[in-house]
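Notes follow the structure.
We use all heavy atoms of the structure for the numbers below, so side chains are in, but hydrogens, waters and symmetry mates are not. On a predicted model such as this, the values are computed, not experimentally measured, just so you know.
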Amino acid sequence: MMIELFFAVLGALFSVVNPLGAVPVFLAMTPNYTSVERNQTARSTGIYFTLILLGFFFAGTLILEFFGIRISAMRIAGGVMILSSGYGLISGKFAENRSVNKEVKEEALQRQDISFAPLAMPLLSGPGSISYLITQYNENTSWEAHLVVAAVIVFLGILVYLILRSAPYLYRLLGEAGLNALSRVMGFIVMSLGVQYIIFGIIQLIEGMK
């Protein structure tokens, strides 16, 4: 059961985060970095990414209670964000969909440290992944399940680091076309996940009103 939960959450969260889609953006923001500087940035980004998602995951219930938000509403809103993220992947606008536009990229070129912003947030950890994790916290209430999801976040943080560290090699291997093709496949999965969340959220909301 816990192993199934681990891989289910990993697959969904990896699709929503899509670290492979961040490879061209990462390279575009670090054109003058040495390999050591790029590796340090990749490591810091992975750490920040992990801490951000862990923080929102464990604070999920407090966030819902503070704002008086029902889990069904969070599921619907999260589904919309995930659906939007998936559309961004399919349309080839991964960075723009994560609020990383031309101005943000130009600003990043002038900054000494881009690992927290805009890389860790909003490029990798955005509303879609955050809302997904908050929903998971409230759906899987046992401490064992919480530890499993936390382990997924840590594991994904390591994957983010490894993928960004290998960004030059991956870009040479797959090219822009290959990475875009993978992003579009991910986008279809993410859109399906978003639609599923919206449907379940509506059903849950209707049942709660009875």
Side-chain angles (χ1 to χ4, degrees), residues 4-23 25 45 48-50 52-61 63-64 67 69-101 117-140 145-146 148-157 159-160 163 179-208:
E4 293 177 359
L5 177 64
F6 180 92
F7 285 105
V9 174
L10 177 62
L13 196 56
F14 184 89
S15 299
V16 174
V17 172
N18 188 24
L20 289 173
V23 167
V25 184
T45 301
Y48 284 133
F49 168 84
T50 302
I52 290 169
L53 290 192
L54 283 175
F56 276 103
F57 175 64
F58 286 108
T61 299
I63 293 173
L64 294 181
F67 290 102
I69 301 173
R70 293 184 178 183
I71 185 63
S72 56
M74 175 61 71
R75 183 187 281 273
I76 295 172
V80 171
M81 294 305 304
I82 293 172
L83 187 63
S84 174
S85 177
Y87 176 77
L89 294 176
I90 290 179
S91 62
K93 298 180 179 179
F94 171 76
E96 291 82 351
N97 187 260
R98 302 291 175 91
S99 300
V100 181
N101 53 28
L119 290 179
M121 179 182 278
L123 185 63
L124 292 169
S125 56
S129 56
I130 290 171
S131 59
Y132 173 78
L133 288 173
I134 292 176
T135 303
Q136 287 297 314
Y137 186 92
N138 286 271
E139 286 183 349
N140 302 284
H146 288 169
V148 168
V149 177
V152 170
I153 296 172
V154 173
F155 182 72
L156 188 54
L159 285 181
V160 165
I163 288 172
L179 290 170
N180 285 336
L182 286 175
S183 289
R184 282 175 168 79
V185 172
M186 290 286 186
F188 178 76
I189 297 173
V190 171
M191 288 189 73
S192 301
L193 183 65
V195 170
Q196 176 178 286
Y197 259 62
I198 293 172
I199 293 174
F200 285 172
I202 293 174
I203 293 174
Q204 191 176 21
L205 185 62
I206 293 174
E207 291 178 348

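Considering all non-hydrogen atoms of both residues, Ile153 and Phe57 come closest at CD1-CB, 4.0 Å. Between Pro19 and Val160, the shortest heavy-atom distance links the atoms CB-CG2, 4.2 Å. The shortest heavy-atom contact between Ser183 and Gly21 is OG-CA, 3.8 Å. For Gly157 against Thr50, the heavy-atom pair with the smallest separation is CA-OG1, 3.3 Å. Contact record, Ser125 with Leu53: CB-CD2, 3.6 Å, taken as the closest heavy-atom pair. The two residues Leu124 and Val17 make their nearest non-hydrogen contact at O-CG1, 3.6 Å.
Here the side chains of Met81 and Tyr132 are not in contact, with every heavy-atom distance at 4.5 Å or above. Residues Ser131 and Pro127 fail the side-chain proximity criterion, which asks for heavy atoms closer than 4.5 Å. A 4.5 Å side-chain heavy-atom check between Val9 and Val148 finds every atom pair outside the cut-off.
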Report all side-chain donor-acceptor pairs from residues 186-204 shorter than 3.5 Å, counting only partners two or more places apart or in another chain.
residue, atom, partner, partner atom, Å
Ser192, OG, Phe188, O, 2.9
Tyr197, OH, Gln136, NE2, 3.0

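Residue Phe49 forms a side-chain contact (heavy atoms from CB on, under 4.5 Å) with just one option from Leu159, Leu156, Leu54, and that option is Leu156. Checked options Leu123, Leu89, Leu13, Leu182; the residue passing with Asn18 is Leu89 (criterion: side-chain contact (heavy atoms from CB on, under 4.5 Å)).
Put simply, the side chain of Ser129 never gets that close to the backbone of Val16: no donor and acceptor are under 3.5 Å apart.
One finds the CD1 atom of Ile134 at 8.0 Å from the CG atom of Asn138 (value rounded to the nearest 0.5 Å).
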Ile63 vs Phe56, test: side-chain contact (heavy atoms from CB on, under 4.5 Å). Steps then yes/no. CA-CA 8 Å; Ile63 293 173; Phe56 276 103; 3.8 Å; yes
